[in-house]
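Step one of this worksheet: look at the structure below.
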Amino acid sequence: MMNQAGRAIAAVSAINEEQPLLAVSGLGKRYGPGCPACLDLQGQRCPQCGSLWACYDISFDLYPGEILGLVGESGSGKSTLLRCLYFEEEATTGIMTIPSYQGGPANLLAASAQQQRYIRNHMMGMVFQNPWLGLRMHVSGGGNIAEKLLAAGVYHVGRIRTRAAELWRQVEMPLPRLDEYPQNFSGGMQQRVQIAKALANKPPLLLLDEVTTGLDLSVQARVLDLVRQIQRELGVAMLLVSHDLAVIRMLADRTMVMHQGRLVEQGLTDQVLEDPEHPYTQLLVRSLL
Amino acid sequence: MGRGGCYKDRQAGSHCYEGMGIPVTALPGGSKGRDKKEEEAILSLESVTKSFHLTLTRTIELYALRDLSFTVGRGEFLGITGPSGAGKSSLLKCIYRTYRPTCGHIWYESARYGSVDLACAPERQIIHLRAGEIGYVSQFLKVIPRVAAVDVVAERLIPGGYSWPEARRKAIELLTRLHIPPELWDACPATFSGGEQQRVNLARAFITRPRLLLLDEPTASLDSAMKGHVIEIIKEIKKNGTTMVGIFHDREVMDRVADNVLELNIVKGCSGSKAEGRAAGREAAPWPQ
Ligand SMILES: Nc1ncnc2c1ncn2[C@@H]1O[C@H](COP(=O)(O)OP(=O)(O)OP(=O)(O)O)[C@@H](O)[C@H]1O
Ligand SMILES: Nc1ncnc2c1ncn2[C@@H]1O[C@H](COP(=O)(O)OP(=O)(O)OP(=O)(O)O)[C@@H](O)[C@H]1O
Ligand SMILES: [Mg+2]
Ligand SMILES: [Mg+2]
Ligand SMILES: [Zn+2]
């Protein structure tokens, strides 16, 4: 992915500059048995063993407080990448580090389940593309938030109630509906409950998978406002997956483009959109003009 | 892909090290050999070429800028002129890194980082420079839905550590000076007239008092009274030490603000358009007769 000079530069600028919150290198996820031919794969499907590589050789850094956009065609592996980062799914290859966590160097993808749980519960929040994966539909909205707080080590019932109500207000949900099942909520409300749940433990990192997809325009706008507000006021770093380039342009400082399981381009958002380099990105951007 | 590192390291090798915040040892021509004018330069373009490699229908290589070199002194206002398609906007976008130059260097003397090659500096460095040192006024405002004019302007101060009330106070001060009526302050600029949007756009750039300000036809949609107000502010900002590069169609406006003028021309007989710089620096700055 990156030559020696590139690595040296990345290292030097990290010293001069800031430390990434999250560093990922060579991450891959394979569905299938795998074989030696998988090592120099062209597309997503290995012709020898038939395995599908949902993502392949993904490397990037995410800095504190920034919104990093992730775009790419359907099936290019965006959701899979997020699920791997959230330890929902076991990555097949790769290294992921959080430099501020216990001195940094350990590969968290290979850490114990207990350690992964700790990181997820204390440092991460995720909004799933499908709310059925992110919410327990037969547990009340408040209960969903409480679950995340309990996982993060908040056991005091009064504090949990207060925090849940506070988050409920923050995402502009009507307070009387705190005890209702998310199953009964509209899509936009479910996304907002997911955001409330993701924010419960005040994580420095949010993984957002298509937070606005499928919502009608006015609800979309409110969810986007919420995301902007969270970033501005809480300084939370976000990895934001969206197929809506307008959303990406509005929210992301930097943007990465995935195509057939690989990162084919990354850069400043305005540059990726206005001066795209990779043929796939050019197609993506032009088709939306 | 480099991860925020210099994208040029894929093609070229070590020349981009110079811009990474590492002490510059080998500037072309040798730093000892630089004359006084160059020492005072805050911006110095060396053989900048920008071509677009478009792969959509068939592969075409389109040149917007070719081998362009010039310097801008500290506190100077350099006007850019030339026919439509000569590459004026592309030039500003290369300096702002919305476009990545294909070849060449764009040396900028940063307050924070020292000598930086904007053509290949790490993206995070560019983001910090955009937040604190380099401003850009595009021809059109990119409106963020549902955000009030005052906040569109004020938010630019937040990364610099201002509180919201403080930032809003400064924003209102500036909007007043630009004659945006108070009843519009809390409205979203989406519904503003072209001239009002342009003034919000200017306020967004002016409020951070950037060291280097890039202006793309900033007075194009303003009437002559408004032009007067804008010119007044441009002059004031200039007096405070901001260096500016500005594109104007309007010769009269240009005469009132520019110290020097660079004329870009389309050179015929090339594939695509080709531009070259005619004038550079203080000595030679002829107007087209
Ligand atoms: N559990 C699984 N078993 C087998 N294949 C899977 C599994 N999960 C995902 N895939 C495949 O991995 C590929 C990437 O899927 P993923 O959901 O990450 O795509 P995506 O980029 O998020 O797409 P979209 O934009 O449609 O959400 C797809 O081809 C998908 O069918
Ligand atoms: N993102 C882009 N992709 C492809 N071609 C581009 C892009 N931006 C500019 N060009 C081309 O580069 C050339 C110079 O364009 P540019 O916008 O810089 O001209 P200009 O001097 O600003 O013109 P005008 O006075 O009309 O604004 C044009 O031929 C244009 O089509
Ligand atoms: Mg998905
Ligand atoms: Mg132009
Ligand atoms: Zn295989």
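Each chain gets a letter, A, B and so on, in the order its sequence line appears, and its residues count up from 1.
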With the side chain counted from C-beta on, respond yes when [X] and [Y] share a heavy-atom pair under 4.5 Å apart, and no when they do not.
X	Y	value
B/V147	A/R228	yes
B/R146	A/D225	yes
A/D275	B/K50	yes
A/R232	B/E155	yes
B/L54	A/R286	yes
A/Y63	B/I127	no
A/E274	B/Y99	yes

**OP:** Would you mind telling me which of B/R97, B/K93, B/R130 makes a salt bridge (Lys or Arg N to Asp or Glu O under 4.0 Å) with A/D270?
**Re:** B/R130

Subject >> Toward chain B, the part of A/R222 with a non-hydrogen atom under 4.5 Å >> reply: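 Its backbone and side chain both get close to chain B.
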
Subject >> Step-by-step side chain to side chain contact (heavy atoms under 4.5 Å, CB included) determination, A/L268 to B/T98 >> reply: CA-CA 7 Å; A/L268 297 163; B/T98 297; over 6 Å; no

Original post:
Should we say atom OH of B/Y162 is surrounded by more than 12 heavy atoms from elsewhere, each under 6.0 Å from it?
Top reply: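 Incorrect, the count does not exceed 12.
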
**OP:** Tell me yes or no: between the side chains of B/T55 and A/Q282, is some donor less than 3.5 Å from an acceptor?
**Re:**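 Yes, a side-chain donor-acceptor pair sits under 3.5 Å.
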
Original post:
Going by atom types only, do A/E18 and B/H128 share a side-chain donor-acceptor pair under 3.5 Å?
Top reply: yes

